[in-house]
S.K.: 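Next up is a structure, given as structure tokens.
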Amino acid sequence: MTAQRPPHAQRPWEDMVLYQVYPRSFSDSDGDGTGDLQGVIDRIGHLELLGVDGVWLGPVMRSPGADHGYDVSDPRDVDPLFGDVDALRRLVAELHHARMVLLMDLVPNHTSVEHPWFAAAVAAGPGSPERERYFFRDGRGPDGAEPPNNWPSVFGGPAWTRVTEPDGRPGQWYLHLFAPEQPDLDWNHPDVGADLERTLRFWLDLGVDGFRIDVAHGLAKPEGLPDLDDDVVPAQLIVDERDVRWDRPDVHEVHRRIRRVLDDHPGTAAFGEVWVGDVDRFSAYLRPDELHFAFHFALTSAPFEAGAVREAIESSLEAARAAGSVPTWALSNHDVVREVTRYGNGVPGRARARAMALVTLALPGIAFVYNGAELGLPSDYSIPHDRLTDPTWDRTGHAEMGRDHCRVPLPWEGDEPPYGFSTTADTWLPMPEGWGRFTVESQLEDPGSTLSLYRAAIEIRQSWTAGAVAGDAGAGAGAADQTSVAWYGAPSDCLAFRRADGVVCALNASDRSVPLPAGEVLLASGPLPTAGPDGDAVLPPDTAVWLRVDV
Ligand code: NOJ
């Protein structure tokens with residue numbers, strides 16, 4: 001069942017365009033080189049200009065920052081790096097004033113090693129009740145010197161770390177599917193769920209409109225923590241059902257519990273990070289008493305090929321349809337290579353990212369825009385190695401750089417680092433030379449810029465859902481017409497689909513121009529030249545177009 005419309009929003013959840021703010025990298029108000037909540041407040045004008053309906057704010061809870069906020073030491077406080085609870089309250093008020101919503105990131109799978117529960121567990125020793133909130137186990141092999149099972153950590157290396165017991169001897173091991181600083185919680189322990197409920201109510205009482213739930217498919221672990229079969233290839237998008245670490249049946253009870261709390265706050269919604277490939281298993285998370293929405297990641301990994309893009313779209317639509325929910329769409333986030341770079345960097349990469357922005361924003365359902373995508377930012381692989389911060393870099397013995405490349409601070413104005421992001425050039429990740437051409441300032445008045453394209457696209461898209469805006473503040477637009485598009489026949493390596501309201505989106509992912517489909521052009525991601533003896537308009541390679549067609 002989809003969610004009711006939030007009281008402060010312009011339109012129902014099902015039609016929203018939401019903007020993902022990576023808090024460290026959006027805007028720095030106090031000159032320490034790291035973005036903060038006041039920085040977001042100061043730049044709400046940018047969000048209004050873009051025309052989005054709200055913000056998904058990456059984690060800002062108290063955290064030592066081993067995984068930049070995804071290692072939480074106090075889930076009911078704001079980290080001083082970002083401000084304080086009052087600053088968050090002000091941000092919520094300002095966003096609501098601008099008729100935008102705020103989604104907070106929630107991290108229920110693990111805590112920080114600096115969480116008081118974990119410190120107490122280490123101090124209390126083996127067999128203590130304090131250890132039961134986590135997965136402490138004896139090691140295997142002589143003296144217990146081998147990890148309890150063969151699970152790898154997502155960031156490289158084993159998913160287990162050995163502690164030194166209070167008596168000074170090497171002792172038990174604890175499970176961490178991510179970094180060693182992120183011990184996994186045991187959701188069978190009653191304290192874990194009770195504490196999450198307190199956390200949910202704390203932020204809901206403060207006025208937030210919903211949550212993005214981290215690792216929503218990983219919260220339940222299999223009984224006995226069995227080894228993975230040798231031939232299971234652990235992957236981020238879970239395609240192998242034998243990877244027993246994820247998508248356990250018990251996880252759904254956690255989501256029902258979260259849902260019961262949200263149901264006490266009409267208009268709020270939960271979005272899950274669900275890296276599950278199978279359509280039926282994915283849609284199980286969207287049952288009427290579980291998550292309202294889930295991130296489907298197919299488009300973040302699909303290559304720029306019409307067949308692959310269409311397949312990614314169809315699988316998302318199918319999953320939402322099976323669940324009676326609506327799909328969510330994202331080309332990128334803080335964990336993946338930015339789309340400009342994925343699609344080839346330089347001129348073609350940027351053109352393809354622009355084209356895919358039009359494809360994404362034409363699809364029915366909820367669209368997410370990762371901060372910087374609207375500026376056409378590439379991933380930055382020029383960060384000096386000694387400045388890398390993602391745990392992946394060290395955990396893989398420097399074999400994998402990790403995700404810093406897509407988290408470089410946003411350039412706002414000027415020609416030199418820090419491009420208005422901060423008052424210091426010593427930003428938490430260095431900003432490269434040459435980003436003057438990506439600044440908001442340089443793109444704002446340029447009708448050909450990526451920022452102008454995003455603004456125009458969102459404005460047009462929002463006009464399609466204007467009916468929903470005018471409606472009452474009750475239930476959303478309904479899922480029925482939100483889970484399908486009509487596919488048109490298209491030349492090879494092209495695609496075209498029609499929305500229920502008659503708008504057609506056509507994409508040319510091939511390397512030659514094709515005839516422009518009939519209809520009134522609403523927007524194109526690049527120039528639409530004419531060609532041939534009759535001077536007919538064509539759709540060039542790496543370009544998408546929106547057309548209004550009479551139905
Ligand atoms: C998914 C988040 O998006 C990612 O950034 C984080 O490292 C892991 N979950 C662990 O919390």
Side-chain angles (χ1 to χ4, degrees), residues 18 20-26 35 55-73 75 79 103-115 118 134 151-157 159 161 175-185 187 192 196 199 211-219 221 234-238 245-247 251 254 270-276 285 291 293-297 300-301 328 330-338 368 370-372 379 388-396 400-408 428-429:
L18 295 169
Q20 182 190 350
V21 167
Y22 193 68
R24 289 178 156 253
S25 303
F26 187 66
V55 168
W56 154 24
L57 183 69
V60 292
M61 285 105 162
R62 200 174 269 269
S63 159
D67 189 20
H68 302 328
Y70 287 102
D71 49 319
V72 177
S73 54
D79 197 274
L103 286 183
M104 280 193 83
D105 223 309
L106 199 72
V107 191
N109 181 64
H110 41 263
T111 68
S112 158
V113 280
E114 291 189 18
H115 191 289
F118 190 77
Y134 296 92
W151 293 5
S153 138
V154 170
F155 297 148
T161 291
L175 176 70
H176 52 85
L177 291 179
F178 296 90
E181 294 87 351
Q182 295 168 294
D184 280 62
L185 287 163
W187 266 89
V192 174
L196 185 77
T199 300
F211 300 94
R212 176 266 187 189
I213 303 196
D214 192 57
V215 199
H217 60 309
L219 305 172
K221 309 297 184 290
Q236 191 166 30
L237 180 62
I238 313 311
R245 298 170 304 160
W246 315 103
D247 192 32
V251 80
V254 178
F271 289 70
E273 184 201 26
V274 180
W275 287 96
V276 173
Y285 288 78
L291 294 166
F293 308 105
F295 286 94
H296 198 272
F297 295 100
T300 63
S301 54
T328 65
L331 287 176
S332 55
N333 61 36
H334 63 295
D335 290 331
V336 302
V337 179
R338 283 190 177 276
F368 281 86
Y370 177 48
N371 60 194
S379 271
L388 293 175
T389 69
D390 187 336
T392 308
W393 174 243
D394 279 337
R395 296 278 301 166
T396 59
E400 284 176 39
M401 176 183 176
R403 301 156 294 176
D404 289 319
H405 57 78
C406 64
R407 300 173 174 179
V408 171
W428 76 278
L429 284 174

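Whatever order the structure lists ligands and atoms in, that order sets their numbers, starting from 1. Along the sequence shown, residues are numbered consecutively beginning with 1.
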S.K.: Would you mind checking if Arg403 and Asp67 are paired as a salt bridge, meaning a charged N to carboxylate O distance below 4.0 Å?
M.R.: yes
S.K.: Out of curiosity, Asn333 CG to Glu273 CD, how far, rounded to the nearest 0.5 Å?
M.R.: 8.0 Å
S.K.: Any idea how Phe368 and Phe271 line up, ring-wise: parallel (<30°), tilted (30 to 60°), or perpendicular (>60°)?
M.R.: perpendicular
S.K.: Assess the pair Phe178 and His110: is the distance between their ring centroids shorter than 6.0 Å?
M.R.: yes
S.K.: Is a salt bridge present between Arg407 and Asp335, judged by a nitrogen-to-oxygen distance below 4.0 Å?
M.R.: yes
S.K.: Quick check on ligand 1: any N or O pairs to the protein under 3.5 Å? One line per pair.
M.R.:
from, atom 1, to, atom 2, distance (Å)
ligand 1, 3 (O), Arg212, NH2, 3.0
ligand 1, 3 (O), His334, NE2, 2.8
ligand 1, 3 (O), Asp335, OD2, 2.5
ligand 1, 5 (O), His334, NE2, 3.0
ligand 1, 5 (O), Asp335, OD1, 2.7
ligand 1, 5 (O), Arg403, NH1, 3.3
ligand 1, 7 (O), Asp67, OD1, 3.4
ligand 1, 7 (O), Asp67, OD2, 2.5
ligand 1, 7 (O), Arg403, NH1, 3.0
ligand 1, 9 (N), Asp214, OD1, 2.8
ligand 1, 9 (N), Asp214, OD2, 3.3
ligand 1, 11 (O), His110, NE2, 3.0
ligand 1, 11 (O), Asp214, OD2, 2.6

S.K.: Can Ser153 and His176 be counted as having a side-chain donor-acceptor contact under 3.5 angstrom?
M.R.: no
